[in-house]
Amino acid sequence: MRIITTVAEMAAFPVTCRTKGKTIALVPTMGYLHEGHLSLIRQARAKSDVVVASIFVNPTQFGPREDLDRYPRDIEGDTARLEQEGTDILFLPSNQEMYPAGYQTCVEVEQITKQLCGAHRPGHFRGVATIVTKLFNIISPHLAFFGQKDYQQTLAIKRLVQDLNMDVDIVVVPTVREPDGLAMSSRNAYLSPEDRKQALSLYKSLKCAENMFVAGERCSAALMKEMRRCFAGLPDVEVEYLACCNGTSLEYVENVAHGDVIALAVMVGGTRLIDNVVL
Ligand code: AMP
């Protein structure tokens with residue numbers, strides 16, 4: 001695996017690949033890789049000739065009181081994992097390389113980023129849209145892989161690609177979970193053993209709603225009422241949002257239908273976790 005740290009070197013690479021007719025896949029990450037990330041890499045490996053993974057803890061998508069400074073990092077472990085999955089290139093730029101002095105441009109996807117995480121993390125999706133645009137421009141991938149766990153992010157990126165006429169196919173990969181159901185996340189590393197037990201409430205509440213839906217319940221309020229019961233009595237858990245939304249527009253729905261999404265964000269002992277289920 002080749003490790004590239006400069007934009008100039010990274011940008012030169014796809015030119016030669018494309019002239020040889022090779023397809024390039026990009027898997028953007030913030031590192032501290034787990035099985036969720038690796039499933040993206042495996043899908044990318046299966047669908048393209050050249051797999052590029054990026055690791056960049058993007059400062060512009062973190063709010064001032066968020067966890068940028070303590071975000072977990074393990075470049076050595078990540079490199080070994082990527083290598084093992086047959087990744088061709090790791091793009092590992094510095095902040096200076098991505099946002100040099102004088103930098104002043106950002107990309108905003110306006111509507112779909114307003115609710116859910118967007119309402120609670122001002123500027124987050126602007127940071128995401130900006131860094132993804134930069135990565136697409138530098139790496140020129142034919143395909144880019146994103147996880148369903150960040151459902152709103154996948155919609156924002158699809159919108160971005162369509163609106164700005166970018167020639168890249170977005171592939172969404174299902175959420176990879178721990179054996180007990182907790183969605184894998186780099187931030188799970190923050191959870192104490194007690195937090196870890198209480199964190200299972202996210203999955204339990206989504207499963208509860210999904211089972212009710214399968215049994216015929218369609219009323220969003222009824223689903224969300226039962227979901228909230230899964231968090232009752234958990235001292236370190238605080239629900240940030242819980243919503244039933246149209247799976248394409250993310251508009252809130254009073255009655256759910258196939259293809260709608262139930263999404264939630266929950267603070268567990270100070271760690272913010274998100275998860276969702278598509279009905
Ligand atoms: P991150 O490093 O958290 O920014 O995530 C990088 C990519 O991995 C994003 O597209 C995420 O949606 C995806 N991802 C994170 N966790 C999971 C998971 N448990 N299952 C599938 N994809 C995931």
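One-based numbering, in listed order, for ligands and for the atoms of each.
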*Does Pro28 reach ligand 1 with a nitrogen or oxygen that is under 3.5 Å from one of the ligand's nitrogen or oxygen atoms?*
no

*Got a salt bridge between Asp74 and Arg81, using NZ or NE/NH1/NH2 to carboxylate O under 4.0 Å?*
yes

_To check your reading of the model: name the closest protein heavy atom to atom 10 (O) of ligand 1, its residue, and the distance in Å._
Gly147 N, 2.9 Å

*Is there any N or O on His37 that sits under 3.5 Å from an N or O of ligand 1?*
yes

*Should the pair Phe56 and Tyr99 be assigned to parallel (<30°), tilted (30 to 60°) or perpendicular (>60°) ring geometry?*
tilted

*Check ion pair Asp275-Arg177 (N to O, under 4.0 angstrom)*: yes

*Taking only Lys NZ, Arg NE, NH1 and NH2, and the carboxylate oxygens of Asp or Glu, determine whether Glu85 and Arg45 approach each other closer than 4.0 Å.*
no

*Nearest heavy atom to atom 17 (C) of ligand 1: which of Glu178, His34, Gln153, Met30 does it belong to?*
His34

_Salt-bridge present (Arg121, Glu66; N to O < 4.0 Å)_ = yes

*atom 21 (C) of ligand 1: which of Ser185, Ser39, Gly31, Pro174 has the nearest heavy atom?*
Pro174

*Arg70 bridged to Asp67 by N-O distance under 4.0 Å*: no

*Any nitrogen or oxygen of Met184, main chain or side chain, under 3.5 Å from a nitrogen or oxygen of ligand 1?*
yes

_Contact atoms of ligand 1, heavy-atom distance to Phe146 under 4.0 Å_ = 10 (O)

*What's the spacing between Leu33 CG and Leu38 CG if we round to 0.5 Å?*
6.0 Å

*For atom 12 (O) of ligand 1, grab the closest protein heavy atom and report residue, atom and distance to one decimal in Å.*
Asp150 OD2, 2.6 Å

*Which bit of Val27 is near ligand 1, meaning a heavy atom under 4.0 Å away: side chain, backbone, both or neither?*
neither

_Numbered atoms and elements of ligand 1 in range of Thr175, under 4.0 angstrom, heavy atoms_ = 19 (N), 20 (N), 21 (C)

_Any N or O of Val176 closer than 3.5 Å to N or O of ligand 1_ = yes

_Whether the side chain of Ser249 engages the backbone of Asn246 through a donor-acceptor N/O pair (distance < 3.5 Å, no angle test) should be reported._
no

